Protein chains: 2
Amino acid sequence: MTAPVGWEAIRAEVLRRIRVRDWAPGAVIPSETDLAQEFGCARATVNRALRDLAQAGVLERRRRAGTRVALHPVRRATLDIPVIRAEVEARGQAHAFRVLKHVTALPPPPVAARLGIAPAAPLRHILTLHLADGRPFLVEERWLNPAVLPDPAPDFAAMSVNEWLVMNVPYTSGDIAFSAEAAGAVEARALGIDAGAAVFVTDRTTWTDGMPITAVRLVHVPGYRLHTSL
Amino acid sequence: MTAPVGWEAIRAEVLRRIRVRDWAPGAVIPSETDLAQEFGCARATVNRALRDLAQAGVLERRRRAGTRVALHPVRRATLDIPVIRAEVEARGQAHAFRVLKHVTALPPPPVAARLGIAPAAPLRHILTLHLADGRPFLVEERWLNPAVLPDPAPDFAAMSVNEWLVMNVPYTSGDIAFSAEAAGAVEARALGIDAGAAVFVTDRTTWTDGMPITAVRLVHVPGYRLHTSL
DNA sequence: GGGGCTATTATGTACAGACATATTACGATC
DNA sequence: GATCGTAATATGTCTGTACATAATAGCCCC
């Protein structure tokens, strides 16, 4: 057998041994030092390969205890969440949007709770319809913390809130939830579908440095699919 | 300013500079060598930090061209897809399942196409109802390539197909799609809901070494939410 | 036997030096 | 001016060594 060369080759070889059950789920595999000797490379190279597999969820590593094959191999999928405009344009369609509503209002308690702010704090409430090739694509309902806006507020008719935030309050943290719901009356009318139709909903909440930024709810047109690869 | 120590500190410092727009989106940041000198550490340490940020989608790196702040920072979320039993038990509920149907049949053309096999090849068709604390949780409709089964086929009444596959044909590749659909008659009856209700659907197709393994369609009970964090 | 200290061990991280590789910039040539 | 070849450069990777850190195993003592 020719020794694997390069950390990717080592990763492949380790994966192969796991697949053919040379190393069974739950079992401890040889130490980095041993593998480095077997493969004739530096320990750092083995470390790179094993760290990568650990991040992928295939291996579990603990100091002193060693490295073992994951027992319940959670499939870890990564999904890229693009800016809406980029998502539409990636399909070769033209993107446009219309702001349906833009007011300052008190958020409903669940939204305030999700953002971790007092329910009495007024937020910007913005309802936007996004179009792909002129046809409804999704409705974006956003609650925005006005504290992040500069004094002369930007013109959200020219640039979507989403893009403005990405350009000006970048690299936030947050969480996302996906669900299926029946379309409400407002969303249905905006999307041109029947109320009660099954729609794919994305709920996103973002902070930066612990300060709440925005809570968004995207209601996609029926037929939307969120894709990912293992 | 105290120099950051450790690759995570360097990553944090780089992120900070991006956040405060010290380095604007699209701009090229200093080379690894320069940063290593500034931070008083080895280039490998800077490399580790920058590689991590690149994987997170914050930076874009190209040889010779240097490292630049991502212009369209795709949010890259990772979601863990557990075995159904583990998912139910993680909620502190008891998992059980009932096989509603188990036959050998020809797959409908879309399924055959997704798996990349001839439509005339018969597959195992298995319909399973999963319960959480005795209440319907999801319906699993699976088309399984019989070629992966051992000669005395395992008893899928004792162990779910899902778990058997994980234990015996581990570490496959595949792809996943999520969507919202109206519940069909069969699923609705199994889940005890109204036909036409909005349900969250997961479609998964898996291969190993180019050989198709299985195509699964999970129809979740209304109210199900798929969670992730940025 | 139980409790707590210590030695051992595997991973985590860091370093300096080296070579590989992709890509750009530049200069020579036609 | 266009094209091709070459040099320069930033990242990608590997090596060998070193020390840090966490967690286990074993030991001693009570």
Side-chain angles (χ1 to χ4, degrees), chain A residues 1-15 17-18 22-71 73-74 76, chain B residues 1-15 17-18 22-71 73-74 76:
Chain A
M1 189 198 93
T2 66
V5 38
W7 71 271
E8 288 184 293
I10 291 179
R11 181 184 60 181
E13 169 62 13
V14 170
L15 241 185
R17 293 187 185 181
I18 293 172
D22 217 358
W23 296 332
V28 177
I29 75 174
S31 75
E32 292 186 350
T33 314
D34 291 351
L35 287 175
Q37 188 162 24
E38 180 191 340
F39 294 143
C41 68
R43 185 169 78 89
T45 309
V46 175
N47 181 281
R48 183 101 151 77
L50 297 189
R51 248 193 309 121
D52 194 78
L53 286 172
Q55 197 179 1
V58 173
L59 294 177
E60 283 172 5
R61 324 195 68 197
R62 263 167 52 229
R63 276 173 166 158
R64 158 78 219 218
T67 301
R68 55 183 60 227
V69 181
L71 206 46
V74 266
R76 193 158 295 154
Chain B
M1 189 198 93
T2 66
V5 39
W7 72 270
E8 289 184 292
I10 290 179
R11 180 183 59 180
E13 169 63 13
V14 170
L15 241 185
R17 293 188 185 181
I18 292 172
D22 216 358
W23 296 332
V28 178
I29 75 174
S31 75
E32 293 186 352
T33 314
D34 291 350
L35 288 175
Q37 187 162 24
E38 180 191 340
F39 294 144
C41 67
R43 186 169 77 90
T45 310
V46 174
N47 181 280
R48 184 103 149 77
L50 297 189
R51 247 193 310 121
D52 194 78
L53 286 172
Q55 198 179 1
V58 173
L59 294 176
E60 283 172 4
R61 323 196 69 197
R62 264 170 48 229
R63 277 174 170 163
R64 159 78 219 216
T67 302
R68 54 183 62 228
V69 181
L71 206 46
V74 269
R76 193 158 296 153

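Each chain gets a letter, A, B and so on, in the order its sequence line appears, and its residues count up from 1. On a predicted model such as this, the values are computed, not experimentally measured, just so you know.
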Please determine whether any donor N or O and acceptor N or O are separated by less than 3.5 Å between the side chain of Arg43(B) and the base of dG12(D).
yes
OP1 or OP2 of dT13(D) versus the side-chain N and O atoms of Arg48(A): is any pair under 4.0 Å?
yes
Under 4.0 Å, heavy atoms only, any strand: does Arg62(A) hit a base, just the sugar-phosphate, or nothing?
sugar-phosphate
Measure the distance from CD on Gln37(A) to P on dA10(C) and round it to the nearest whole Å.
13 Å
Check the phosphate of dA10(D) against Thr67(B), side-chain N and O only, distance under 4.0 Å to OP1 or OP2. Yes or no?
no
Let me know the distance between CZ of Arg68(B) and P of dT23(C), rounded to the nearest Å.
14 Å
Where the side chain of Cys41(A) is concerned, which of dT15(D), dT11(D), dA14(C) is the nearest nucleotide?
dT15(D)
Any side-chain heavy-atom pair of Val14(B) and Val58(B) under 4.5 Å:
no
Quick one: Leu35(A) CG to dT9(C) C1', roughly how many Å, whole number?
15 Å
Check whether any side-chain nitrogen or oxygen of Thr45(B) sits under 4.0 Å from OP1 or OP2 of dT13(C), and answer yes or no.
no
Quick check on DNA chain C: between Ala44(A) and Leu50(A), whose nearest nucleotide comes earlier from the 5' end?
Leu50(A)
If I take atom CH2 in residue Trp7(B) and atom P in nucleotide dG12(C), what distance separates them, rounded to the nearest angstrom?
11 Å
In whole Å, what is the span from the CZ atom of Arg51(B) to the C1' atom of dA10(D)?
15 Å
Integer-rounded Å distance: dT13(D) P and Asp52(A) CG
10 Å
Does Asn47(A) have a side-chain nitrogen or oxygen under 4.0 Å from the phosphate oxygens OP1 or OP2 of dT13(C)?
no
Between dT8(C) and Arg64(A), counting only base atoms on the nucleotide and side-chain atoms on the residue, is there a donor-acceptor pair under 3.5 Å?
yes
Side-chain touch Leu59(B)/Val69(B), heavy atoms, less than 4.5 angstrom:
yes
Between C1' on dC19(D) and CD on Glu32(A), what's the gap in Å once rounded to a whole number?
15 Å
Can you confirm whether Trp7(A) sits close enough to Asp52(A) that some side-chain heavy atom of one is under 4.5 Å from a side-chain heavy atom of the other?
yes
Side chains of Arg51(A) and Arg61(A): closer than 4.5 Å at any heavy-atom pair?
yes
Taking atom types as modelled, is there a side-chain donor on Arg43(A) or Asn47(A) under 3.5 Å from an acceptor on the other?
no
I need the CD-P distance between Glu8(A) and dT13(D), as an integer number of Å.
6 Å
Consider the side chain of Ala65(B), meaning its heavy atoms from C-beta on, and name the nucleotide among dA16(C), dT24(C), dG12(C) that approaches it most closely.
dT24(C)
For a quick test of reading the model: is some side-chain N or O of Arg61(A) closer than 4.0 Å to OP1 or OP2 of dT11(C)?
yes
Looking only at dA10(C), dG12(C), dT15(D), the nucleotide nearest the Ala42(A) side chain is dT15(D)
